[in-house]
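Okay, structure first, notes after.
Bear in mind the structure is a predicted one, so any value in this text is a computation, not a measurement. Letters go in sequence order (proteins before strands), and every chain restarts at 1.
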Number of protein chains: 2
Amino acid sequence: MEELKTRIKEVGTVLPGNVLKVDAFLNHQIDAGLMQRIGQAFAARFADAGITKVWTVESSGIAPAVMTGLALGVPVIFARKHKSLTLNEGRYTAEVYSYTKQVANKITIAQKYVAPDDKVLIIDDFLANGQAVSGLLAIAKQAGVTVAGAGIVIEKTFQPGRSALEKQGIPVVSLAKIKSLANGQVEFAEED
Amino acid sequence: MEELKTRIKEVGTVLPGNVLKVDAFLNHQIDAGLMQRIGQAFAARFADAGITKVWTVESSGIAPAVMTGLALGVPVIFARKHKSLTLNEGRYTAEVYSYTKQVANKITIAQKYVAPDDKVLIIDDFLANGQAVSGLLAIAKQAGVTVAGAGIVIEKTFQPGRSALEKQGIPVVSLAKIKSLANGQVEFAEED
């Protein structure tokens, strides 16, 4: 997606440890118009997949996920993150490790919002190690629902997220693919 | 907003302690179309206020805030919540106490996304004690920016949030006003 790549080039900043900061338009300040066009792009790519729900994880996934749900005309669920969880009743749960924050969270989705015939599209802001998406896949497995694919705003192709998901049979569509952040420079890979 | 009140009546559940659960369409599962109409309603109410930014707090405020930003054509900032914060550099911070979760969080906004001539519209999912909005007001004060008003999806008029904000000169627009949750029944007040 050219507009997205241009914005990453213009306002993204590369931090040590292969961190790309895009809090100018995605994870702190949000460009709502760009989010809408991102949602429309995901909806177009998954238009024939029979999606019934969009799933994401709070907080940075919410804006692109809601715009995707709007474009597809389906509800969005954001999994809640918990440091610890004493009551699991009525919830599907999975563990997600954040390499950036070096902390493990439980993520949960209320069972009552999952229907057995759901076809889920997972949306997230970043794909690096694939931890968040894998957590949602674990929940989908518990719930016995189908995951039609994962829509990722920014993928780091030099990290193992995509191969981990594709091994589980999940098609991945990324709108910007970054193959290197070496020397503080953003280098894009070919788009999907 | 009739559509919102109908949804609250149909799928909201009242829990002990005057808690109204609306995770069927607002804070866990999200009805993206309803969020868009909510955003358009806030945009219409503040159309002449010269808004330059929408502010909210993660996570439940993000969906209505992004839709408001989309309708107004301005960027959205979601303040980040932190249990503790060791590095304050480059950030405005305020303390927010959650009565529901009985926990204090720091919320922060990066200084670089705040311009001195900003006119801010604060959006949040609930107004009860007004803690989250007051935290954003404290940040606005530090930053020296004007807050044009607060747009609230659901207000509990039997709690002191509105009067706390109006004492600070902040106009409050709520799309659904609840005057009582006694005996597990939702009773609405007149709309703004």
Side-chain angles (χ1 to χ4, degrees), chain A residues 11 13 21 23-39 43 52-84 90-91 101 103 107-115 118 123 125, chain B residues 11 13 21 23-39 43 52-84 90-91 101 103 107-115 118 123 125:
Chain A
V11 297
T13 49
K21 260 194 112 160
D23 61 0
F25 65 86
L26 182 56
N27 349 66
H28 180 39
Q29 182 169 252
I30 298 172
D31 180 331
L34 176 58
M35 288 308 122
Q36 186 178 41
R37 293 183 287 280
I38 283 171
T52 62
K53 299 262 172 66
V54 171
W55 285 8
T56 190
V57 176
E58 65 180 342
S59 294
S60 302
I62 295 175
V66 167
M67 290 303 184
T68 307
L70 184 71
L72 286 168
V74 302
V76 177
I77 295 176
F78 65 94
R80 290 285 196 175
K81 271 181 204 162
H82 308 261
K83 286 268 171 304
S84 61
R91 312 193 141 266
K101 297 185 184 161
V103 62
I107 62 168
T108 75
I109 287 183
Q111 292 176 7
K112 64 179 162 186
Y113 300 123
V114 182
D118 267 339
I123 297 289
D125 57 339
Chain B
V11 297
T13 50
K21 259 197 113 160
D23 61 1
F25 64 87
L26 182 55
N27 355 64
H28 179 40
Q29 182 168 253
I30 299 172
D31 180 331
L34 175 58
M35 289 307 121
Q36 186 178 42
R37 294 183 287 280
I38 283 171
T52 63
K53 297 264 173 68
V54 171
W55 286 7
T56 190
V57 176
E58 64 179 346
S59 294
S60 302
I62 294 175
V66 166
M67 291 301 184
T68 306
L70 184 71
L72 286 169
V74 302
V76 177
I77 295 177
F78 65 95
R80 289 286 194 174
K81 272 182 205 160
H82 308 261
K83 285 271 169 304
S84 63
R91 312 193 141 266
K101 298 185 182 161
V103 63
I107 61 168
T108 75
I109 287 182
Q111 291 175 8
K112 63 179 163 184
Y113 301 123
V114 182
D118 267 338
I123 298 290
D125 58 338

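In this structure, CD on A/Glu58 lies 8.0 Å from CD1 on B/Ile62, to the nearest 0.5 angstrom. Taken from NZ in A/Lys112 to CD in B/Gln29, the straight-line distance is 10.0 Å, to the nearest 0.5 Å. A distance of 11.0 Å separates CG in B/Leu70 from CG in A/Leu34, rounded to the nearest 0.5 Å. Considering OH of B/Tyr113 and CD1 of A/Ile30, their distance stands at 12.0 Å, rounded to 0.5 Å.
Of all the listed residues (B/Val74, B/Asn27, B/Asp31), the one sharing the greatest number of non-hydrogen pairs under 4.5 Å with chain A is B/Asn27. Comparing B/Gly73, B/Gly33, B/Ala24 by heavy-atom pairs within less than 4.5 Å of chain A, the highest count is held by B/Ala24.
Remark: side-chain polar atoms of A/His28 are paired, donor with acceptor, to backbone N or O of B/Phe78 under 3.5 angstrom.
B/Ala71 does not touch chain A: none of its heavy atoms, backbone or side chain, sits under 4.5 Å away. The contact between B/Ile109 and chain A is made by backbone and side chain atoms together, counting heavy-atom distances below 4.5 Å. Residue contact with chain A, scored on non-hydrogen atoms closer than 4.5 Å, is absent for B/Lys81.
For the pair B/Phe25/A/Pro75, no side-chain contact is recorded, criterion being any heavy-atom separation below 4.5 Å from C-beta on.
Closest heavy-atom contact between B/Ser59 and A/Ser59: OG-OG, 2.8 Å.
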message: Could you walk me through whether A/Gln36 and B/Val66 satisfy the side-chain contact (heavy atoms from CB on, under 4.5 Å) test, starting with their C-alpha distance in whole Å, then the side-chain angles of each, then the deciding distance to 0.1 Å, before giving a yes or no?
response: CA-CA 10 Å; A/Gln36 186 178 41; B/Val66 166; over 6 Å; no
